[in-house]
Every structure is written in structure tokens, then in C-alpha cells.
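For reference, the structure discussed in these notes is given below.
Keep in mind it's a predicted model, so treat the numbers as computed, not measured.
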Amino acid sequence: MNILILGAGAYGLALANILIDKNNVTVYSIIEHEINDLKQTYKNEKLFPNIELSKKINFTNDINNAIKNIDLIIIAIPTNYIEDTIQLLKNKISNNAKICIASKGINDDTNKFAYDIVEYTLKTKNISILSGPSFAIDTIEKETIILTLAGNNLNEVKDIFPSDYIKIETTNDIIGVELSGTLKNIFAIACGILEGINASESTKASFLTNVISETKNLIVEFGGNQDTIFCSSGIGDIILTCSSKKSRNFTLGYLIGQNTDKNKIDEYLNKTTVEGLDALLSIKKLLVEQNINNELINLIHDIVNNHTEPNSLLKYIVK
């Protein structure tokens, strides 16, 4: 299959490096120097030290050339930039071209999930969502993982992945998968806060139980299937993101829990994209719009933005 990946960030490059074994893969980025460096070195030392990408991958910043004869477009850019980027594709791609979204989160300005943005902009329902426990570094190193694919043309998209170390499970619950992928980044901040205040392993496990329950409840309230929580995009991704120090969201929470100086936190945020921080504000607004009151989201929002004591999470657990 001829695949175009929009985005040369960590996950876009990781997907390119595993998909190239079965497909023809082109990676597009609007950032010219980024593409030039990749063409010359097939490396991104900042993201993946000492890892060389396959020389079969084609890198380009010419979108018009990149979309020729493409069967599948994978979107692997921050959700806030999806609409502007895919505007470049309007009226230029085949009606048969499939879209797979690997981005997570909600657009800050419109409070729309990625699926809704793509469906509205490109006037197509030929869309699937890819999610699950898969840090980019583990993906690019071809570790054994299970991912969830939701949406349409699932079998065709499923077949692009190498089956010897990746299992793809499928579901029709688009909203459940998207919501899980957004909420886990928010809840990872809270789990990092507990780590920062030196909460016990038992306390952190108790909180994680609440996180899984809250995620399931919110999936249902937004019209999804409660069983989606049992997919890899549900419990699997929650466990990974909420318990690993590799998670940027977890790290931010840890800094907050440690009462780290605000300047140091700002310095971290300037150097790092923390998806859960934007998602927290967007979900908060979306819950207000939907007239949904969620105590845990409100509490995390207040700790992160309104200087509520991090120890308040302990009271929440036993309330």
C-alpha cells in the first residue's frame, strides 16, 4: 500500500519505520529543515538517539507531489494543527483514499475531536482512529504491542501493520477510543502529582482504579460503548501513560506534586509538548457545554491551574 504520513514528529517517524517493511511510505512535514535533515541522515538524534531510520522511507515537504497515488493517509500531527494541514488535501486526494488518525486530543479553539475535524474538512467517512499503549520509542524499536483501530475500512488498514510484533484489535466505537486517548493524558498528570507527593504504591493503584472507572463513565456519557474501556486504547493506554516516567504528562504532574518552582515548570513546558495540559482545558470546556459535572476533572483542573493543594487528590480517592 502507498502510505503518506503527515507529521515527522516522534510518532510519525516511529510509524514510518515499522510500516515501511510492508508498504511504500512517504513522510511529509511543512518544516523544511526537518525534512532536509532526515533526507541527509535518516536520523533524529533529539527524538531517537542512535537510531537510524530505514532508507526506504521517502521524506518530503512538497504536499502536491506527496499525495500522488496515495492509498492511505496517516495523520500524526498535534490535533490543533490538523485542520490547517488537511486543508492542503482538499479536492486533491482520491475518493478512495483512506484516512487513519494517530493524533490524540481536542482542538483548543473548536473543542472538536480529530475525527470530526477530518470528516467535516474532507467530507469523507473513510476514516479510522489508531490508539493504544505505544510510546514512540517502543514502537520504533519494534517492541510487541497491541493497538486499537476504530472506524471504517478496518481490515484494509489493519493489514498494513507487521503482524509478528503488533496486534491490531478493532471496534466501531470511535468516540470511546478518541475520548480514552484524550483522558489518559489528563489523568497521567494526576498520577504524576501522586508520585510527586510520595503517595504509596497502594494509594496510586487505588487512584488508577478510579481513573479507569471515570473513563468508562465518561465514554458512556458521551455516547460511546462502556466495553471500550477494556480495549488496549482504554485500560492499556491508561496503565502505560499513568504509570511511566517516560510520559511527559506524568512528568509535569510530578513537578507539580513536588511543588517545583513555577519558572522551572515553565521551562519544562517550553521545551516539551504536554498534550494533557491543553486537553484538560478543552475537556473542561466540553463538559460545561454538555452539562456534565465530573469531580475528578474539576479537581485536576484546579490543582494545575488554580493552585489547589496536590494532596486534595488523596481526599478524592476515599470520598
Side-chain angles (χ1 to χ4, degrees), residues 5-7 11-12 14-15 72-80 82 86 98-107 111-120 122 124-136 139 145-161 166-188 211-242 247 249 275-276 278-280 282-283 286-287 290 292 294 297:
I5 297 178
L6 301 179
Y11 205 56
L15 287 174
L72 171 66
I73 297 168
I74 297 178
I75 298 174
I77 54 179
T79 303
N80 284 339
I82 287 178
I86 62 175
K98 293 170 280 293
I99 311 288
C100 179
I101 301 170
S103 308
K104 297 180 176 71
I106 307 176
N107 183 281
N111 284 347
K112 289 183 177 180
F113 288 99
Y115 184 96
D116 299 319
I117 296 169
V118 174
E119 180 185 39
Y120 177 80
L122 296 182
T124 180
K125 292 185 180 295
N126 205 354
I127 309 167
S128 56
I129 304 288
L130 182 70
S131 189
S134 53
F135 285 142
T139 303
I145 54 177
I146 302 175
L147 298 174
T148 302
L149 193 66
N152 299 308
N153 296 311
L154 300 183
N155 287 333
E156 293 176 66
V157 179
K158 179 180 178 180
D159 286 344
I160 69 174
F161 291 90
I166 293 181
K167 177 181 178 180
I168 302 292
E169 58 184 10
T170 59
T171 175
N172 293 321
D173 186 14
I174 294 167
I175 186 61
V177 170
E178 283 202 299
L179 193 57
S180 296
T182 301
L183 290 172
K184 57 99 177 183
N185 287 328
I186 297 171
F187 293 145
V211 162
I212 292 168
S213 178
E214 288 291 353
T215 302
K216 183 192 74 171
N217 292 339
L218 283 168
I219 287 173
V220 172
E221 289 195 80
F222 275 84
N225 186 333
Q226 66 175 0
D227 290 340
T228 300
I229 192 65
F230 300 112
C231 292
S232 64
S233 60
I235 288 178
D237 216 359
I238 290 171
I239 291 173
L240 176 68
T241 313
C242 291
S247 165
N249 301 286
E275 294 171 319
D278 290 334
L280 177 58
S282 297
I283 281 288
L286 194 56
L287 290 174
Q290 299 288 328
I292 297 173
N294 186 278
I297 295 292

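- Partner Ser180 forms a side-chain contact (heavy atoms from CB on, under 4.5 Å) with one of Ile175, Ile238, Ile219, Asp237 and no other, that one being Ile219.
- Between the CG atom of Leu122 and the CD1 atom of Ile117 there is a distance of 11.0 Å, given to the nearest 0.5 Å.
- Within the 4.5 Å cutoff, side-chain heavy atoms of Ile283 are placed close to those of Leu179.
- Contacts of Asp173 classified as salt bridge (Lys or Arg N to Asp or Glu O under 4.0 Å), with partners at least two apart in sequence or in another chain: none.
- Under the 3.5 Å distance criterion, the side-chain polar atoms of Ser134 are matched with a main-chain donor or acceptor of Gly132.
- Using a 4.5 Å heavy-atom cutoff, the side chains of Ile74 and Ile160 are in contact.
- The closest side-chain heavy-atom distance from Asp227 to Thr171 is not below 4.5 Å.
- Distance CG/Asp278 to CD1/Ile186: 10.0 Å, rounded to 0.5 Å.
- Residue Ala14 comes nearest to Ala136 through the heavy atom pair CB-O, 3.6 Å, listed as atom of the first residue, atom of the second, then distance.
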If you apply the rule side chain to side chain contact (heavy atoms under 4.5 Å, CB included), what do you find for Leu183 with Ile297, and how did you get there?
CA-CA 9 Å; Leu183 290 172; Ile297 295 292; 4.2 Å; yes

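- When all heavy atoms of Pro133 and Gly236 are compared, the pair lying nearest together is CB-O, 3.5 Å.
- Residues passing the salt bridge (Lys or Arg N to Asp or Glu O under 4.0 Å) test with Lys98 are Glu156, sequence neighbours excluded.
- Between atom CG of residue Asn111 and atom CD1 of residue Ile106 there is a gap of 6.5 Å, rounded to the nearest 0.5 Å.
- Of the possible polar contacts, one joining the Asn152 side chain to the Lys125 backbone as a donor-acceptor pair under 3.5 Å is found.
- Of the inter-residue distances, the one linking Thr170 atom OG1 with Leu149 atom CG reads 7.0 Å to the nearest 0.5 angstrom.
- Using modelled atom types, one side-chain atom of Ser103 and one backbone atom of Ile75 make a donor-acceptor pair closer than 3.5 Å.
- Here the CD1-OH distance, from Ile174 to Tyr115, works out to 4.0 Å after rounding to the nearest 0.5 Å.
- Put simply, the side chain of Leu130 reaches to within 4.5 Å of the side chain of Leu15, judged on heavy atoms.
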Quick one: do Leu218 and Leu287 satisfy side chain to side chain contact (heavy atoms under 4.5 Å, CB included)? Show the steps, please.
CA-CA 10 Å; Leu218 283 168; Leu287 290 174; 4.0 Å; yes

Applying side chain to side chain contact (heavy atoms under 4.5 Å, CB included), run through Phe113 and Leu286 and close with a yes or a no.
CA-CA 11 Å; Phe113 288 99; Leu286 194 56; 4.0 Å; yes

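- Contact annotation: the side chain of Asn294 approaches that of Glu214 to within less than 4.5 Å [non-hydrogen atoms, C-beta and beyond].
- Ser233 approaches Thr148 most closely through the heavy-atom pair N-OG1, 3.1 Å.
- Between Thr79 and Ile82, some side-chain heavy-atom pair lies under the 4.5 Å cut-off.
- Residues Ile145 and Ser232 are not in side-chain contact: their nearest non-hydrogen atoms beyond the backbone lie 4.5 Å or more apart.
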Apply the test side chain to side chain contact (heavy atoms under 4.5 Å, CB included) to residues Ile127 and Glu119: give CA-CA distance (whole Å), side-chain angles for both, the deciding distance (0.1 Å), then the verdict.
CA-CA 8 Å; Ile127 309 167; Glu119 180 185 39; 3.8 Å; yes

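- Ser247 places a side-chain heavy atom less than 4.5 Å from the side chain of Phe135.
- No donor-acceptor distance shorter than 3.5 angstrom exists from the side chain of Thr241 to the backbone of Asn185, with no hydrogens or angles considered.
- Atoms CD1 and NZ, on Ile146 and Lys167 in that order, are 5.0 Å from each other to the nearest 0.5 Å.
- Between the side chain of Glu178 and the backbone N or O of Ala114, at least one donor-acceptor pair lies under 3.5 Å.
- Listed here is the closest heavy atom pair of Asn249 and Ala188: CB-CB, 3.8 Å.
- The shortest heavy-atom contact between Gly7 and Ile77 is CA-CG2, 3.5 Å.
- Among all heavy-atom pairs drawn from Gly181 and Lys104, the shortest one is O-CD, 3.6 Å.
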